[in-house]
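Below: one structure, written as structure tokens.
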Amino acid sequence: MGKKLLLHVCCGPCSTSSIERLLLDGYEPVLFFSDSNIFPYEEFMKRYENLLIVAEHYGLETILDEWDHGRWLERVKGHEDDKEHGERCSLCFRFNLERAQEKARELGIENFATTLTVSRFKSSARIFHEGEDLPGFCPIDFKKKDGFNRSIVLSKELGLYRQDYCGCEFSLRDRRCGDS
Ligand code: SF4
């Protein structure tokens, strides 16, 4: 059995190639769906249900965090009108990474990483910056080794839903305005 690692998961599609890579590297990932940024709640549950398809495929344990959207909104207060990739996104990364770190500590798992780095729309350097001072954070860049394209192939194979906005109501608004 490999070394346990808590994997913060942003959505099913991004989890696919990240899990594949971790398994190849000898890890035993425990999946942690903690995404209070996602809005509305129905979308949060839809993304979680898609993750369950992936978890079942790989035979992995999945933990669901509560949808604490109110607390997330407090964290990004004042940045509602930021453009995607601005300061609001850094605060959002930090929020989810802090929760993953807390969960890893609670479970006695030494290390954690995040699937957020798979997306070609998100800067891995920025995500690493938000996590670098959190104990146990592993700066694994899942974009590398063709991770993003591989996630598309695997998502199609598993018939996963692929969302067309990042997650929060502000990204949904900007997408509706044709702005993202
Ligand atoms: S656009 Fe995405 S990364 Fe940025 S704050 Fe919203 S959910 Fe978080």
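Predicted model only: the values in this text are computed from it and were never measured. Start at 1 and go down the list; that is how both ligands and their atoms are numbered.
In summary, an N, O or S atom of C92 is located under 2.8 Å from atom 8 (Fe) of ligand 1. At a threshold of 2.8 Å, atom 2 (Fe) of ligand 1 has no backbone or side-chain N, O or S atom of C89 nearer than that distance.
The environment of E80 atom CD is dense: over 12 non-hydrogen atoms of other residues, nucleotides or ligands sit within 6.0 angstrom.
The heavy atom nearest to atom 1 (S) of ligand 1, considering only E169, R88, R175, is found in R88.
Annotation for ligand 1: atoms under 4.0 Å from non-hydrogen atoms of E84 are 1 (S). The atoms of ligand 1 that sit less than 4.0 Å from any heavy atom of C166 are 1 (S), 2 (Fe), 3 (S), 7 (S). Heavy-atom contacts of W72 reach the following atoms of ligand 1: 5 (S) (cutoff under 4.0 Å). For ligand 1 and F93, the ligand atoms under 4.0 Å from any heavy atom of the residue are 3 (S). For ligand 1, the atoms lying closer than 4.0 Å to a non-hydrogen atom of S171 are 1 (S).
Between C166 and E84 there is a side-chain heavy-atom pair separated by less than 4.5 Å.
Remark: minimum distance from atom 6 (Fe) of ligand 1 to any protein heavy atom is reached at C168 SG, 2.4 Å.
Across I19, T114, L116, V118, a single residue satisfies side-chain contact (heavy atoms from CB on, under 4.5 Å) together with F142, and that is V118.
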Check your understanding: Step by step, would you call R94 with R75 a side-chain contact (heavy atoms from CB on, under 4.5 Å)?
Key -> CA-CA 10 Å; R94 177 75 187 190; R75 180 70 69 92; 3.8 Å; yes
Practice item. For the pair F39 and F170, evaluate ring pair (Phe, Tyr, Trp, His ring centres under 6.0 Å) and give the outcome as yes or no after the intermediate values. Key: CA-CA 9 Å; F39 181 90; F170 313 116; 8.5 Å; no
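Between F137 and F112, the two ring planes are tilted [angle within 30° to 60°]. Using the six-membered ring where Trp is involved, F148 and F121 have ring planes that are perpendicular, over 60° apart on the 30 and 60° scheme.
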